[in-house]
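Below is one structure, written out as C-alpha cells; the observations come after it.
Counting convention: from 1, in listed order, for ligands and their atoms alike. Treat the numbers as computed from the prediction; the structure is a model and nothing was measured.
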Amino acid sequence: MAYDAKFMERAIKLAKLGVGRVDPNPLVGAVIVKDGKIIGEGYHTGYGMPHAEREAINSLTESARGAEMYVTLEPCAHTGKQPPCTAAILDQGIRTVYVGSMDPNPKVNGRGVWTLRQHGVEVVTGCMKKECDALNPVYFHYITTKRPYVVLKYAMTLDGKIATTTGASRYISGDFARGRVRGMRNQYPAIIVGIGTVLADDPMLDNRRQKDRTPIRIICDTHLQIPLDSKVVQTAGKIQTLVATSERMSEDAKEKLPKLEEAGVEVLLIPEKDGHIDMEPLMDKLGEMEISGIMSEGGGNLSWSLLRDGLVNEVVIFTAPKIFGGITAMTPVEGEGVNFVEDALPLHLVESEVLPGGDIYARYIVGPEPEEDDEDVDVETAEPRPIAKIQSSPAPVAPEGFVDADATSKKASEAIQFEDMPGEVKKPAASEDDGWAVADNIPAYVPESEDDDDVEDRPPVELETRIVTEVLSADLNPFNIEERE
Ligand code: AOF
Ligand code: ZN
C-alpha cells in the first residue's frame, strides 16, 4: 500500500513537540489512520514517558483493527522504561505500519520491523526517511557512539572576530539572533564553554525563558581557575553545573574542590592532553552521564580542541554586519591550526537565513556533502539490516592535523551487527505471486507479557511474509524511486 505523505508530515510535526524534553531518547511522532482519516495520534512527550505509538493508541477514537500507523521511527521491540511498542501495535490489530527512520539503538536496529513482519503486519520502511532522520541527529549519534552530539556555535563579525582587541564582545549579534541562540539552548541538553569565557564575561549560560528547561552547564577549566563568586558557581545549586578539570590537580585546586562541591558544582577529573583537558575522555564521561547533545559556545581553544579531535558534528554561525579589525582580536577557532589549505576541515551548508537585524545564520554539518541515497523505501526484505549509515551527519574525513572521527563511527557501526538479531531470521518467501496470498490472514498475536519478554524465544509464526510491491509503482511513489526488479 502506498503511503500518504501528509500523515507522515503530521507525525513529524507531532514529534517536534517533544523538543527539549525527550533526550537522551529520540523525538518520535505517530499517527493512526483508518479509511483515510486520523483516528489517533501522539508523540513521545518526555524521557521515561510512554512512546509515541502508545500515546497514539491511547488517543484512539475508534478501534484500530485493520488500520495503518505512520511512525517517524522504527517501533521498539524491547522493554526499557516502557514496554515494547511492537506488542501494542500487534494487540491493536494494526495492519500496516509506515516507518520513517530505522532505530540504530542496538536493542532495536531492525528488530522492531522484523517482529511486526513476523506477525503478519505489513511494514514499509524509509517513508520520508530524510525528513524523519532530520529529527534525530543527536539521538542517532549518541546511541551509536555513546558520546554527545556536539554543535559548535559562535557569533562573529564580518572580519571573523569574536571580540574586540580589548576583549569586549557584548553584543556581536542582534536581538533576534540572540533569541535564536536561547532557543538552541533549549534544544540541546548541555552547554559547554572554556574557562576564558567565564573569566571574561561571567555569564549565566541559561536560556532565560522560564518555560524552557535550562541546559546543564559544563565549564572546561584545566587549572580550576573558576571564581567561587562567578554566576555559574553561585547558581550551581539551582542549575546543574559541571566543571571539568585536570586530574593532575595543584595543591590550590585541591583546596578549592570542597568549596565548589559545597556550592553544588560537580567536578569531573579528566586526563590532560597538550596542557589542556583531553576532550575524548571528557566526551566519554559526558556520554556515560547520558548527556546526548552539547552546544559549545567557545572560546577559541576549546573549539580547536573539539574540532581537532573530530568531536564536532555541526557548526552554527551568526555573522554580524560589523567589522572590528585588530590583529589581537580573538577569532572563533584558535589552537595550532593547520598549515595547508588542503588540510582544512571540510563542512557542508545545510541551512542559511538572513535574520531580522542583518545577521546571517548558517548551519553546517562537518564532513563532505553526502551522496544522495535514493534507496529510501525498503519493502523487499523482512530481514533486519545493520544500520551503519543512519547518522544524518556523516563523520568528517579527517585531513592532516585532525583526528579521523570516522574511526569512532566505524567502531560504532561494527558494534551493530546481526548477532543482536534473533537467530533464525526467516527470509521472506519470494513467491511467484509476489506474496500477496495472505492478505487477509493476520494471525492472532500472542501477547508478550507472561514470562517471555523476548520474541525470538517463541517459535516463528508460520506465515508467508507479504512483499509490498505497490509502493514501487512510479505514480504511487512520492520519492520517484526507480522501480526495482
Ligand atoms: C519508539 N517510540 O516514541 C520512542 C522510542 O527506556 P525506554 O523504554 O523509553 O526506551 C528508550 C528507547 O526506545 C530509545 O533508546 C529508542 O531506542 C526507543 N525510543 N521508540 O518506538 C518512541 N521514544
Ligand atoms: Zn517504543
Looking at every heavy atom in both [X] and [Y], which two are closest together, and how far apart are they?
X      : Y      : result
Met283 : Leu306 : CE-CD2, 3.7 Å
Phe7   : Ile38  : CE2-CG1, 3.6 Å
Ser246 : Leu269 : O-CD2, 4.2 Å

Closer than 4.0 Å to some heavy atom of [X] - which atoms of ligand 1 meet that?
X      : result
Gly80  : 6 (O), 8 (O)
Lys81  : 6 (O), 7 (P), 8 (O)
Glu74  : 21 (O)
Pro75  : 21 (O)
Glu53  : 1 (C), 2 (N), 3 (O), 21 (O), 22 (C)
Val108 : 17 (O)

Looking only at the side chains, is there a donor atom on one of [X] and [Y] sitting less than 3.5 Å from an acceptor on the other?
X      : Y      : value
Asp103 : Tyr139 : yes
Arg111 : Thr86  : no
Asp206 : Thr214 : no

Of His44, His51, Gln82, the one whose closest heavy atom lies nearest atom 10 (O) of ligand 1 is His51
Going by the angle between their ring planes, with limits at 30° and 60°, are His141 and Tyr149 parallel, tilted or perpendicular?
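Rings of His141 and Tyr149: perpendicular, over 60°.
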Which part of [X] is near ligand 1, with near meaning a heavy atom under 4.0 Å away: side chain, backbone, both or neither?
X      : answer
Ala52  : both
Tyr139 : side chain
His78  : side chain

Can a cation-pi geometry be assigned to Arg21 and Tyr47, taking NZ or CZ under 6.0 Å from the six-membered ring centre and within 45° of the ring axis?
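No, cation not above the ring by the 6.0 Å, 45° rule.
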For the backbone of Gly29 and the side chain of Thr72, can you confirm whether one donor and one acceptor N or O come within less than 3.5 Å of each other?
yes
Side chain proximity check, [X] to [Y], heavy atoms < 4.5 angstrom:
X      : Y      : value
Met128 : Tyr3   : yes
Asp278 : Glu272 : no
Val121 : Arg95  : no

Checking a contact table here: which protein heavy atom is nearest [atom], and how many Å away?
atom                    : value
atom 11 (C) of ligand 1 : Asn25 OD1, 3.4 Å
atom 18 (C) of ligand 1 : Asp103 OD2, 3.6 Å
atom 15 (O) of ligand 1 : Asn105 ND2, 3.1 Å

Looking at ligand 1, does any of its N/O atoms fall within less than 3.5 Å of an N/O of Cys76?
yes
Nearest 0.5 Å please: distance from the CG atom of Leu311 over to the CG atom of Leu152.
11.5 Å
How many protein N, O or S atoms are found at a distance of less than 2.8 Å from the Zn ion (ligand 2)?
3
